[in-house]
Every structure is written in C-alpha cells, then in structure tokens.
Amino acid sequence: MDLLIVGSIAFDSVETPEGKVDDALGGTAVFSSVAASLFSPVNLVAIVGDDFGKENLEFLEARGIDLEGVEQTRGKTFRWACRYLDDMNRRETISTELNVFADFDPRLPERYRMSDYVLLANIQPSLQLKVLDQIKNPKFIACDTIDLWIETAREELEEVLGRSQLLVINDEEARLLTGETQVPRAARRLLKKHGLEIVVVKRGEHGATLFSHEGIFVAPAYPLEEVIDPTGAGDSFAGAMAGKLAEMRDLSLEAMKRAMVYGVVVSSFTVENFSLNRLRRLSSEEIETRYAQIREMTGF
Ligand code: AMP
C-alpha cells in the first residue's frame, strides 16, 4: 500500500556538541520518506531548486520513493540552520530560508490522488491543506507540525487537525497548542476538539505516549548511550509509524501501538549520526533487533 508524504526537502547546516555539517541533505519529507520506505513504497510531494544534485534524487529513488510529485524549479532549495545546546534536548534555529518553497503550489500527479495513506510532514499548514484537497478518498491521514505554525497559522493548522486521524507532536507543542500544562490533559483536549482518533506525544529521550479515546499506551525511548545529531528524529518517527501502518494495512489500536514502537526504533538510529548518514545504511535486521529489545525491556 503506497503512502503519500508531503513535506520539506532541505539542505541543513547543523551544529551539535559532537560536530557540525553544512548543507547536508535533510528536510521533513526526506527524513520521513526515507524512514517510511523501510516499510512501504512512498509517493513524495515536495519542491527542490536547481541546486539539488542528481545524486540526492537518485538516493531517494533507490529507496523506493517515487519522485513524480517532486517539482524541480529555478532557484535555491529550502535551507535551514540550527545549533543544539549542551544536553541536545534544546536547539535554536539560526536561519530558515524558504527559497523555492515561498511560491510552491503542489500539483499531485493523477495516480497520487487515490492514496489511502497520507503523512503531512511538517510544512506550512496551507500547503498541507492544498495537498489534502487533491486526494480523493483517503483512509488515513497523519500530520505533524511545529511551534512556528501553532503561533503563526493556527486557523489553517486547526483545519488540518480536523481532517486528520493521527497527530504526532512533541510535548512542548502539545502545551502550546492547547494552553494546558499537563500533557495528558492537552492530548485529551486535542482528541476531543479536533475529532482526532490518536494523538502521539513524543518526549525525546523519554519515549512517546499514545493517547486514544480508549486509553493510553507508553513506549520508552531506546536507551542510547551516544547521540550525535537529533535532527530528523521527529520526522523519522512519524515516517516510520506511517510507513509501518501502510505496510500492515491495519488501523486498529493494536496496530497503532506496534507502529509507534517502530517509530521509536527508527528514530533511535537517526540520531546516531548527522543528516541521513545512519538511515542510509540501516538494515531490517537492525530494526527488528531493537524492536525485540524494546519488547523485552517493557514486556509488551
Ligand atoms: P526535526 O528534527 O524532526 O524537528 O526536523 C528537522 C527538519 O525539519 C530539518 O531537516 C529541517 O530542514 C526541517 N525544517 C525545519 N524548519 C522547517 C520549516 N519551517 N518548514 C519545513 N521544514 C522545516
């Protein structure tokens, strides 16, 4: 079952206490589609500039990511720069250059319009809506967002939430979105107000919690001894979760829980190196080993 993903394709400049990279391949669409492609074919909707090298497109294509929906146009690819503070739990954005994203008007190839599974990775909510408007009868829509859109595009973001079944968000964003200080109450409000079926709250090194109308499920983070670069952890979490759901063709609560643990596992690999460097050489055996270790640690 193909999964449609929309998001950003970027060149990231990232500095962490462990080192730095300049103009490395990144973006929410890239992290999430590479993670999803570990489980399911992906149809990608995004935009790049004429500075986006063929080798990057070939890398994505080789992962089973369909690029017919990726527009290449004159101008520069989206660029983003950030710096992590000492404990890697906090980062500051140094710059965001929208470049070709500023005028992006996504047009879905005809065959993408029948997609059953959709992941709206973090990007302007207006673009997420433009993509949703072109999909005929989706079965399952997952979405992600960041504080920037909660603060600057709340109305459009709420429309996205109202059309989605799953929201993947971090604890700070859940508080900002609802004005609640306690995450369980924030999640309950989000479920109720927007008619969502599932809210997954990511808590970095403390794991992730799944809130549904039936109850709560908690997964720990994989206990890593070394983190090199947390960039893309959230996107690869959401991508792996959506990709696993598309692979299982199962939207039951049990399937959501399993898929969330795969999100925890894949994002634990993402942060072991800069950019996509760890995901590029990640095998299914390594994924299954960590999945089994989490089951053993938690007894689930
Ligand atoms: P994460 O670490 O999972 O929050 O995601 C980091 C990725 O998000 C980086 O690769 C950035 O290129 C991308 N990104 C950061 N800000 C934005 C934005 N405003 N719109 C789209 N993508 C963004």
Side-chain angles (χ1 to χ4, degrees), residues 5-16 20-36 44-49 52 56 60 76-85 88-102 104 106 119-128 130-131 142-153 156-157 160 168-174 176 200-205 208 221 227-242 263-264 266-279:
I5 297 182
V6 59
S8 61
I9 296 184
F11 287 128
D12 290 342
S13 297
V14 174
E15 192 179 331
T16 82
K20 69 195 270 282
V21 284
D22 287 316
D23 285 344
L25 181 62
T28 61
V30 173
F31 281 108
S32 53
S33 59
V34 170
L44 188 56
V45 178
I47 189 166
V48 293
F52 195 74
N56 290 323
L60 296 173
K76 283 171 76 178
T77 298
F78 178 82
R79 274 174 172 71
W80 180 74
C82 83
R83 184 185 301 120
Y84 286 85
L85 308 176
M88 299 251 203
N89 285 326
R90 284 174 303 144
R91 74 176 173 208
E92 52 187 26
T93 297
I94 298 168
S95 62
T96 302
E97 287 176 44
L98 284 183
N99 300 329
V100 292
F101 256 105
F104 185 36
L119 171 60
L120 306 169
N122 161 37
I123 199 172
Q124 289 98 310
S126 57
L127 291 177
Q128 294 177 320
K130 276 188 180 177
V131 168
C143 68
D144 190 358
T145 196
I146 50 169
D147 50 0
L148 176 67
W149 313 125
I150 299 172
E151 281 161 352
T152 64
E156 286 156 320
L157 174 60
V160 172
V168 182
I169 194 169
N170 72 33
D171 42 5
E172 283 309 311
E173 292 155 356
L176 186 65
V200 168
V201 180
K202 298 166 290 173
R203 303 174 121 157
E205 61 178 330
V227 172
I228 301 293
D229 173 15
T231 306
D235 307 308
S236 49
F237 177 99
M241 186 169 176
V264 163
V266 173
S267 59
S268 76
F269 287 107
T270 305
V271 305
E272 286 184 338
N273 210 323
F274 284 97
S275 179
L276 276 297
N277 295 343
R278 185 63 179 94
L279 290 190

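Indexing begins at 1, ligand by ligand and atom by atom, following the structure's order. For this chain, numbers begin at 1 and follow the sequence in order.
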*Could you check I123, I9, V48 and say which one makes a side-chain contact (heavy atoms from CB on, under 4.5 Å) with F101?*
I123

*Please name the pair of heavy atoms, one in Y84 and one in P230, separated by the smallest distance, quoted to 0.1 Å.*
CE2-CG, 3.5 Å

*Can an N or O of G234 be found at a distance shorter than 3.5 Å from an N or O of ligand 1?*
yes

_Let me confirm one number: the CZ-CG distance from R79 to D12, rounded to the nearest 0.5 Å._
10.0 Å

*Considering only heavy atoms of L148, which atoms of ligand 1 have at least one such atom less than 4.0 Å away?*
19 (N)

*So, S236 and S267: side-chain donor and acceptor under 3.5 Å apart, yes or no?*
no

_Identity of the nearest option to atom 2 (O) of ligand 1, non-hydrogen atoms only, from C82, G232, S236, S13_ = G232

_For a 4.5 angstrom cut-off between non-hydrogen side-chain atoms, does L176 reach E151?_
yes

*asked:* Counting only nitrogen or oxygen atoms and a 3.5 angstrom limit, does I146 reach ligand 1?
replied: no

*Would you say G27 has any N or O atom under 3.5 Å from an N or O of ligand 1, going by distance alone?*
yes

_Checking contacts here: is it the side chain or the backbone of A233 that comes within 4.0 Å of ligand 1, counting heavy atoms only? Could be both or neither._
backbone

*Does ligand 1 have an atom under 4.0 Å from some heavy atom of F78?*
yes

*For ligand 1, which atoms sit closer than 4.0 Å to a heavy atom of A10?*
12 (O)

*Could you tell me whether F101 approaches ligand 1 through its side chain, its backbone, both or neither, with non-hydrogen atoms closer than 4.0 Å?*
neither

_Which of the ligand 1 atoms, numbered from 1, are nearer than 4.0 Å to a heavy atom of W149_ = 19 (N)

_Main-chain N/O of W80 paired to T96 side chain as donor or acceptor, under 3.5 Å_ = no

*Hey, which of L127, N99, V100 is the one that makes side-chain contact (heavy atoms from CB on, under 4.5 Å) with I47?*
V100

*Using a 4.0 Å heavy-atom cut-off, say whether T93 meets ligand 1 through its side chain, its backbone, both or neither.*
neither

_Exercise: identify the closest heavy-atom pair between G263 and A240_ = CA-CB, 3.9 Å

*Mind checking whether T96 has an N or O less than 3.5 Å away from an N or O of ligand 1?*
no

*Considering only non-hydrogen protein atoms, determine which one is nearest to atom 1 (P) of ligand 1 and report residue, atom name and distance to 0.1 Å.*
D235 OD2, 3.4 Å

*Are N170 and E172 linked by a side-chain donor-acceptor pair shorter than 3.5 Å?*
no

*asked:* Evaluate S8 for polar contact with ligand 1, using N/O atom pairs at a separation under 3.5 Å.
replied: yes

*Determine whether the side chain, the backbone, both or neither of R91 has a heavy atom under 4.0 Å from any heavy atom of ligand 1.*
side chain

*asked:* Closer than 4.0 Å to some heavy atom of F31 - which atoms of ligand 1 meet that?
replied: 10 (O)

*asked:* I need the minimum non-hydrogen distance between D144 and G234, along with the two atoms involved.
replied: OD2-O, 4.4 Å

*Side chain or backbone of D12 under 4.0 Å from ligand 1, or both, or neither, by non-hydrogen atoms?*
side chain

*Going by the atom numbers of ligand 1, which of them fall below 4.0 Å from some non-hydrogen atom of T28?*
8 (O), 13 (C), 22 (N)

*Go through L98 and Q124 one step at a time and tell me if the side-chain contact (heavy atoms from CB on, under 4.5 Å) criterion holds.*
CA-CA 11 Å; L98 284 183; Q124 289 98 310; 4.1 Å; yes

